[in-house]
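Beneath this line is the structure, given in structure tokens, with notes to follow.
Any value given below was found using the heavy atoms of this structure, including those in side chains, with hydrogens, waters and symmetry copies removed.
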Amino acid sequence: MGTYNHYVIVKFKDGVEVEELIQDLEKMISGIEHVKSFEWGKDIESHEMLRQGFTHAFLMTFNGKEDLSAFQVHPKHTEFSKIFSPALENIVVLDFPSNIIKAPA
């Protein structure tokens with residue numbers, strides 16, 4: 001099986017120091033060997049009607065579902081979740097295997 005993805009889309013609560021939280025997230029991710037890759041972005045184009053208040057997307061890839069499972073119970077991840085979760089007004093999480101149609105160059 002190919003890579004397995006953990007896709008998170010969030011709406012932060014008003015007043016949250018988003019940049020600081022993302023720096024902490026990057027530090028946490030870099031210390032967990034199960035994560036194959038990590039990327040994130042902030043929406044700058046969508047109309048509010050389509051965005052529904054969600055502003056940031058995070059994508060982690062893993063070599064398989066087992067690595068995602070190991071990540072989810074990793075002590076660094078569970079500790080960070082105690083800080084990240086209360087900062088969120090809303091969240092969508094999707095975990096899925098990749099179906100690559102056109103691979104990156």
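We find the CG-CD1 distance between Leu59 and Ile9 to be 10.0 Å, quoted to the nearest 0.5 Å. Rounding to the nearest 0.5 Å places OH of Tyr4 at 9.5 Å from CD of Glu66.
By the salt bridge (charged side-chain N to carboxylate O under 4.0 Å, His left out) test, Glu79 pairs with Lys82, sequence neighbours left out. Remark: Asp67 pairs with His34, Phe62, Asn63 by the side-chain contact (heavy atoms from CB on, under 4.5 Å) rule, at least two apart or across chains. Under the side-chain contact (heavy atoms from CB on, under 4.5 Å) criterion, Val73 pairs with no residue at all, not counting sequence neighbours. Residues meeting the side chain to side chain donor-acceptor pair (under 3.5 Å) test with Glu39, sequence neighbours left out: none. Under the side chain to side chain donor-acceptor pair (under 3.5 Å) criterion, His77 pairs with no residue, sequence neighbours left out. Looking at residues two or more places apart in sequence or on another chain, you find no ring-ring contact (aromatic ring centres under 6.0 Å, His included) involving Phe54. Shown here are the side chain to side chain donor-acceptor pair (under 3.5 Å) partners of Ser81, two or more places apart in sequence or in another chain: there are none. Every side-chain contact (heavy atoms from CB on, under 4.5 Å) that Leu94 has, sequence neighbours left out, goes to Tyr7, Val92, Phe96. Judged as a side-chain contact (heavy atoms from CB on, under 4.5 Å), and not counting sequence neighbours, the contacts of Ser98 are Thr3, Asn5, Ile100.
Through direct or relayed side-chain contacts under 4.5 Å between Ile, Leu, Val, Met, Phe, Trp and Tyr, Leu50 connects to Met49.
Counting only residues at least two apart or in different chains, side-chain hydrogen bond (donor to acceptor under 3.5 Å, both in side chains) contacts with residues 42-53 comprise Asp43-Ser46, Asp43-Arg51, Glu48-Arg51.
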Can you give the donor-acceptor pairs under 3.5 Å from side chains of residues 11-29 to other protein atoms, not counting sequence neighbours?
residue: Lys11; atom: NZ; partner: Glu89; partner atom: OE2; Å: 3.0
residue: Lys13; atom: NZ; partner: Pro86; partner atom: O; Å: 2.9
residue: Glu26; atom: OE2; partner: Trp40; partner atom: NE1; Å: 2.8

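When all heavy atoms of Phe71 and His6 are compared, the pair lying nearest together is CE2-CD2, 4.3 Å.
Side chain of Thr61 to main chain of Ser37: a donor-acceptor pair is present (N/O by atom type, distance under 3.5 Å, no hydrogens or angles).
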